[in-house]
Amino acid sequence: IVSWNSLLSTLVSNGKYPESLLLFEKMGREGIDLDEVTVVNLLQMCKYSADPIQCKSVHGHVLRRAMESNPLVLNSLLDVYARCNVIDSAWSLFSGLERKDVVSWSTMLVGFTNCGRPDEALVLYRSMVEAEVIPNAVTILNLINACSLLSEQKSKWAHGIAIRKSFAEEVSVGTAILDMYAKCGLIESAKKAFNQIRDKNIISWSAMITAYGMNGLTHDALALHAQLKLHGPKPN
RNA sequence: CUCUAGAAA
């Protein structure tokens, strides 16, 4: 089963969607028992093909095999529902969870944001705090993204949270903050956020460069690009 | 030896 799973996993991560489906059917024919790893791999493939029907059928397997206790399975399922235009299914699954971890909450947060309901993402964040779940860098990142769609006020509020939890100098969070300000046209704030990032990577640099570009500061964009070539990080 | 959420373009 482990070798089947690892084969399936490589197919899925290379985007070989039809091939993985074939492999899956073959597993069925050979009488291989699906375990939770198989299911998670299948869900990954559903999410790249954004296929709610497939997703339902995998959900069926989950129920049939009593895998509802595996958080990895549930969280992947949640994620797939959340991005297959069936946010409501995601929500009802989420509400039914007895044990929600940071990943469940964060997944739900992105779900709302991607569905164009960032206000509900904020409401969700508040419930998360009430539930005393500790947010991590990913959570904050998603919160920032939600706020960047709302208002400048909310954005600053989210930035404040990032600072209070000392996530502001984390690369990924810092880059999100930078980008958020860039989209509001607050180029100075974006620049400050950029400078506060500890270990800038390619993504932070290119975010800053396009930030200048978006605000018509072509000269600064080019200057930064030159600096990047001098002492910027290597692509990774 | 296999599995879940996250940032720029």
Side-chain angles (χ1 to χ4, degrees), chain A residues 1-13 20 23-24 27 32-48 55 58 62 67 69-83 90 93-94 97 99-114 121 124-125 128 133 135-148 158-159 162 167-183 190 193-194 197 199-214 221 224-225 228 232-233 235-236:
Chain A
I1 180 73
V2 169
S3 31
W4 288 91
N5 282 341
S6 65
L7 187 52
L8 187 57
S9 143
T10 38
L11 286 180
V12 171
S13 47
S20 22
L23 182 68
F24 170 57
M27 287 174 78
I32 311 280
D33 271 334
L34 308 182
D35 66 0
E36 31 282 284
V37 179
T38 321
V39 166
V40 172
N41 282 141
L42 286 175
L43 286 169
Q44 287 300 101
M45 131 187 141
C46 297
K47 113 178 186 195
Y48 289 121
C55 180
V58 179
V62 172
M67 291 173 176
S69 49
N70 185 319
L72 267 69
V73 170
L74 288 171
N75 288 337
S76 316
L77 196 54
L78 197 60
D79 184 37
V80 178
Y81 276 138
R83 41 179 102 212
L93 180 63
F94 178 79
L97 291 186
R99 260 185 48 94
K100 310 177 179 65
D101 62 8
V102 220
V103 178
S104 330
W105 286 94
S106 310
T107 306
M108 204 59 223
L109 244 138
V110 204
F112 279 132
T113 309
N114 291 341
L124 190 71
Y125 177 76
M128 175 174 174
V133 176
N136 63 15
V138 178
T139 321
I140 300 299
L141 191 69
N142 296 148
L143 182 67
I144 289 170
N145 275 329
C147 290
S148 71
H159 188 182
F167 283 126
E169 42 178 61
E170 186 94 5
V171 241
S172 52
V173 177
T175 307
I177 296 173
L178 183 174
D179 184 55
M180 170 182 86
Y181 281 133
K183 287 177 177 147
F194 177 70
I197 301 175
D199 300 300
K200 304 178 186 57
N201 59 19
I202 291 289
I203 299 185
S204 349
W205 282 83
S206 64
M208 193 62 226
I209 293 172
T210 59
Y212 280 135
M214 284 188 316
L224 194 62
H225 185 86
L228 170 62
N236 43 357

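None of these values were measured; they are calculated from a predicted model. Note on naming: letters A, B, ... go to the chains in the order of the sequence lines (proteins, then strands), and numbering restarts at 1 for each one.
Distance from the side chain of A:Thr210 is smallest for B:A9 among the nucleotides B:A7, B:A9, B:U4. In this structure, the nucleotide among B:A7, B:U2, B:G6 sitting nearest to the side chain of A:Val110 is B:G6. In the set B:A8, B:A5, B:U2, B:U2 carries the atom at the smallest distance from any side-chain atom of A:Ser9. Minimum atom distance to the side chain of A:Ala207 is reached by B:A8, of the listed B:G6, B:A8, B:U4. Distance from the side chain of A:Asn41 is smallest to B:U2 among B:U2, B:A8, B:A5. When each of B:U2, B:A8, B:U4 is scored by its nearest atom to the side-chain atoms of A:Lys183, the top-ranked nucleotide is B:A8. Nearest to the side chain of A:Leu72, among B:G6, B:C3, B:A7, sits B:C3.
The separation between A:Leu11 atom CG and B:C3 atom P is 14 Å, rounded to whole Å. A:Asn75 has its CG atom 6 Å from the C1' atom of B:U4, to the nearest Å. Between the CD1 atom of A:Ile209 and the P atom of B:A9 there is a distance of 13 Å, rounded to whole Å. With rounding to whole Å, A:Leu93 atom CG is found 13 Å from B:U4 atom C1'. Regarding A:Gln44, its CD atom lies at a distance of 15 Å from the P atom of B:U2, rounded to whole Å. Across the protein-nucleic acid pair, A:Asn201 atom CG and B:A7 atom P stand 13 Å apart, rounded to whole Å. Counting to the nearest Å, the P atom of B:A7 and the CD atom of A:Glu169 are 21 Å from each other. Between the CH2 atom of A:Trp205 and the P atom of B:A9 there is a distance of 18 Å, rounded to whole Å.
Checked by atom type and distance alone, the side chain of A:Asn75 never pairs as donor or acceptor with a backbone atom of A:Leu78 at under 3.5 Å.
For B:A7, its base never sits under 3.5 Å from the side chain of A:Ser172 at any donor and acceptor pair. A:Asp179 contributes no side-chain N or O that forms a donor-acceptor pair with the base of B:A9 under 3.5 Å. Between the side chain of A:Ser106 and the base of B:G6 there is no donor-acceptor pair of N/O atoms closer than 3.5 Å.
Heavy atoms of A:Val103 sit under 4.0 angstrom from at least one base atom. Heavy atoms of A:Thr107 sit under 4.0 angstrom from primed sugar atoms or phosphate atoms, though from no base atom. Contacts of A:Asn136 with the nucleic acid, taken as non-hydrogen atoms under 4.0 Å apart, include base atoms. Among the atoms of the strands shown, only primed sugar atoms or phosphate atoms (P, OP1, OP2) are found under 4.0 Å from some heavy atom of A:Ser76.
Of all heavy-atom pairs spanning A:Tyr125 and A:Pro135, the tightest one is OH-CG, 4.1 Å. Of all heavy-atom pairs between A:Lys100 and A:Phe94, the closest is CE-O, 3.2 Å.
Side-chain contact check for A:Asn142 and A:Thr139: no donor-acceptor pair (N or O, by modelled atom type) lies under 3.5 Å. Under 3.5 Å, the side chains of A:Ser104 and A:Asp101 contain a donor-acceptor pair of N or O atoms.
Taking side-chain N and O atoms only, A:Lys47 has a distance below 4.0 Å to OP1 or OP2 of B:A5. For A:Arg83 and B:G6, the shortest distance from a side-chain N or O to OP1 or OP2 is below 4.0 Å.
The side-chain heavy atoms of A:Leu72 and A:Glu36, taken from C-beta on, include no pair separated by under 4.5 Å.
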